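Source: prediction; values computed, not measured. Quick note: numbers below take in every heavy atom, side chains included, and nothing from hydrogens, waters or symmetry partners. Nothing fancy with the numbering, it's 1 onward along the sequence.
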Amino acid sequence: MPKSKKKKKLVIVESPAKAKTISKFLGRGFEVEASMGHVIDLPKSQLGVDTENDFKPKYITIRGKGKTLQNLRKKAKKAEDVLLATDPDREGEAISWHLAHALKIDEKSECRIEFNEITKSAIQKALKEVRSIDLDRVNAQQARRILDRLVGYKLSPLLWQKVRKGLSAGRVQSVAVKIICDREEEIDNFVAEEYWTIDTKVQAEGKEEFDAKLHRIDNKKFRIANQEEADKIAQELKEKELKINKIEEKKRRRYPSPPFTTSTLQQQAANKINFTTKKTMYVAQQLYEGLELGADGTVGLITYMRTDSTRISDEAKGELRDYIKGEYGDKYLSKKPKSYKAKSGSQDAHEAIRPTSVHRTPDKIKDYLNKEQYKLYKLIWERFVASQMSPAVYKTLTVNIKGGRYSLLAKGSIELFAGFLKVDTSKQSTKDELLPELQEGEAINLLKIIPEQHFTQPPARYTEAKLVKVLEQKGIGRPSTYATIVGTIQNRGYVEKQSGKFIATDLGKIVNELLSDHFPQVTDIEFTAKLENDLDEIESGKVDWVKLLNDLYFPFEHRLEEAYENMESISMEEETDEICEKCGKNMVVKYGRYGKFLACPGYPDCKNTKPFLNKVGIECPECGDGEVVKRKSKKGKVFYGCSNYPDCEFISWDEPVEEGCPECENNFLLRKNTKKETKLYCNNEECGYEKIVEDEE
């Protein structure tokens, strides 16, 4: 009689990449399958929540996931045991819970394992700590999912009726739109004020010249309001004898930052390597799930990338400190092991985002990573290593120069010890500003006075990094939701990016105003932040999720009924100068699935439509017949082209401005906005003209 084949344990994860990495560590007694994310969810075609029966959800198999679920059922029947190894957060817990029900596994049985990193030691440890499904964590996710469904599916039809079809509203996203709209209002209401500064070039006898800034008048702070005042001060300064009044020398220490959380990683990736939040999370997921490293096989390179904790395990900390000592020496190691304090409200359930092994340096594995993976891994590795290193030390020199009632200030610094900056290249400062050797009482010659006019600037619009930072500071959303929030508000057409900054669209402003007036809780920042805390309380078992939904939903439903009666209807149609060639009427702007388009108001008698051309108000600089229009690429990036395309193929990623080049015959310049400056330049390569202009913001 043939021997019966020994049964294997089935481990279920979300993705094939994760499955491939884990298989390497588990050996022959295990089989690893992927659920491809959620397999069960609320139906798209209906509300799917029974509000009269304790908000009982109606879960169905997600369309297209039937075969996946069928395969998992088949494998589960043959398996000795089934272990659910989905991500270590609420979403992962909910996926495990749905899988348990679908595969007829007792949720109270020991069927759940979790790990913060995909390494052999972490997997082996997880197998020794099998537990039951955490129903409090599941209920926290369920409450969020149901609440978001109720708000979205109840508000959207209202917006269809009162504004236009196809609109949608979301609970957290509406708050993000409000934050951007509020900033837009601040900018619109801002009144610029003129002010002047006075810089100087000065020199001690026989020494190098240096810069000094007018710092005090009559030993007080001051404000120079106009050119007349600036000229008067400049004239008086010219007549004064200048002497060094005081020289102050100090040592300044600069300390490293903690390892990354989801939010700080997204911010730094945006600022330092120009990644969107979506790209950051996509690449981080690849690093977490594992990549092929030659002879080492598939290896998970970083710990779980959705976290609000800066904590690192004692084991990882010990390995890191040994590495710093061996690689850089004792003087680069912080005197005591550093433990970074958790922010108020953070869950601290996971470690910070860090490399799974500090010995896996970016340069060692560079050949196995693509450019994006390498950039992000390098950022994470450097920040982690720097976090246990000694501070950088600078010598700073502050020189106070007196001339009558005027005080000038010069500052210089020199790096004495690099400390953590030896590793963390993202934090390395610019070139030291050096001052010559000076003495108190020494006479100073005034070489040049530089009065400069300025205007106060409105608050800057939000970049992705700044928006994520504000969302985190205000307690809106959680680590797993930031990228989704940022993507959703753009996809819905409520905000758009211009030069890397968010601007609220007309549609976004209208929807925000309507929701703020009729559903103040939906757009209220403090209320939304409190709700996030309530969801955390559900996870910790302190709040009943059904009671929370009861308290929130029924007042909301009452407001909804009032809004259907009292909310004004708003037409989004705008009449244009474009004439319909079929019937002669002025065409109007309408909104469709893919954005704005022109339509004849004589519909249904006249069904003429045209693409909407977003004209910027200047002639095409190449053909002269068409107008420059703003367009979007397939990836949503703004560019500029000619309205006569394809007859004229003019295209530019930078905005053309109606200003001729002063150095060649080119009749236009291009405006380029960067994080540091705005400049106008000539696109004639033989010319090369450019000038820096003040940022309009």
If every non-hydrogen atom of Leu159 is compared with every non-hydrogen atom of Ala169, which pair is closest and at what distance?
CD1-CB, 3.8 Å
Find out whether Ser263 and Tyr482 are in side-chain contact, i.e. whether some heavy atom of one side chain is under 4.5 Å from a heavy atom of the other.
yes
Ile510: which of Ile570, Leu167, Leu515 passes side-chain contact (heavy atoms from CB on, under 4.5 Å)
Ile570
Side-chain contact test, heavy atoms from C-beta onward, threshold under 4.5 Å: evaluate it for Ile618 versus Val657 and give yes or no.
no
For the NZ atom on Lys162, are there more than 12 heavy atoms of other groups (residues, nucleotides or ligands in this structure) within a distance under 6.0 Å?
yes
Whether the side chain of Thr310 engages the backbone of Ala352 through a donor-acceptor N/O pair (distance < 3.5 Å, no angle test) should be reported.
no
Do other residues, nucleotides or ligands put more than 12 heavy atoms under 6.0 Å from Tyr282 OH?
no
Any Lys/Arg nitrogen of Arg461 or Glu186 sitting under 4.0 Å from an Asp/Glu carboxylate oxygen of the other?
no
Looking only at heavy atoms, which two atoms of Ile133 and Ser96 are closest? And how far apart?
CD1-O, 3.7 Å
Would the distance check show the side chain of Asn189 and the main-chain N or O of Glu185 forming a donor-acceptor pair, the cut-off being under 3.5 Å?
yes
Can you tell whether the side chains of Lys474 and Glu526 come within less than 4.0 Å, N to carboxylate O?
no
Indicate yes or no for a side-chain donor-acceptor contact from Ser652 to the backbone of Glu655 under 3.5 Å, with no hydrogens or angles considered.
no
Thr505 side-chain N/O to Gly493 backbone N/O, donor-acceptor pair under 3.5 Å:
yes
Validation row: Lys497, Thr276 side chains within 4.5 angstrom (heavy atoms):
yes
Does the cation-pi check pass for Arg183 over Tyr462, that is, NZ or CZ under 6.0 Å from the six-membered ring centre and within 45° of its axis?
yes
With a 4.5 Å cut-off on side-chain heavy atoms, are Thr51 and Asn550 touching?
no
Is it the case that over 12 heavy atoms from other parts of the model lie below 6.0 angstrom from the CD atom of Gln46?
yes
With the threshold set at 4.0 Å, does a side-chain nitrogen-carboxylate oxygen contact exist between Arg478 and Asp89?
no
Backbone N or O of Phe455 within a donor-acceptor pair of the Gln457 side chain at under 3.5 Å?
yes
So for atom NZ, which belongs to Lys509, do other residues, nucleotides or ligands contribute more than 12 heavy atoms lying within a distance under 6.0 Å?
yes
Compare every heavy atom of Ala176 with every heavy atom of Ile485, then report the nearest pair and how far apart it is.
CG2-CB, 3.6 Å
More than 12 non-hydrogen atoms from neighbouring residues, nucleotides or ligands closer than 6.0 Å to NZ on Lys56, yes or no?
no
Can you name the closest pair of heavy atoms from Ala483 and Thr277 and give their distance?
CA-OG1, 3.7 Å
If the threshold is 4.0 Å, N to carboxylate O, is there a salt bridge linking Glu464 and Lys469?
no
Go through the steps for Arg137 and Glu114 under the test salt bridge (charged side-chain N to carboxylate O under 4.0 Å, His left out), then give the verdict.
CA-CA 13 Å; Arg137 200 186 280 189; Glu114 65 174 339; 3.4 Å; yes
When you measure from the side chain of Thr481 to the backbone N and O of Gly477, does any donor-acceptor pair fall under 3.5 Å?
no
Close side-chain approach of Leu598 to Val588, heavy-atom, < 4.5 Å:
no
Strictly distance-based, threshold 3.5 Å: is any side-chain N or O of Arg383 a donor or acceptor partner for the main-chain N or O of Pro258?
yes
Whether the side chain of Ser540 engages the backbone of Glu537 through a donor-acceptor N/O pair (distance < 3.5 Å, no angle test) should be reported.
yes
Taking the side chain as every heavy atom from C-beta outward, state whether Thr61 and Val39 have any atom pair closer than 4.5 Å.
no
Under 4.5 Å between any side-chain heavy atoms of Ile62 and Ile40, yes or no?
no
Side-chain heavy atoms of His454 within contact of Trp196, under 4.5 Å:
no
On a heavy-atom basis, the closest approach of Val628 and Glu619 is CG2-O, 3.7 Å
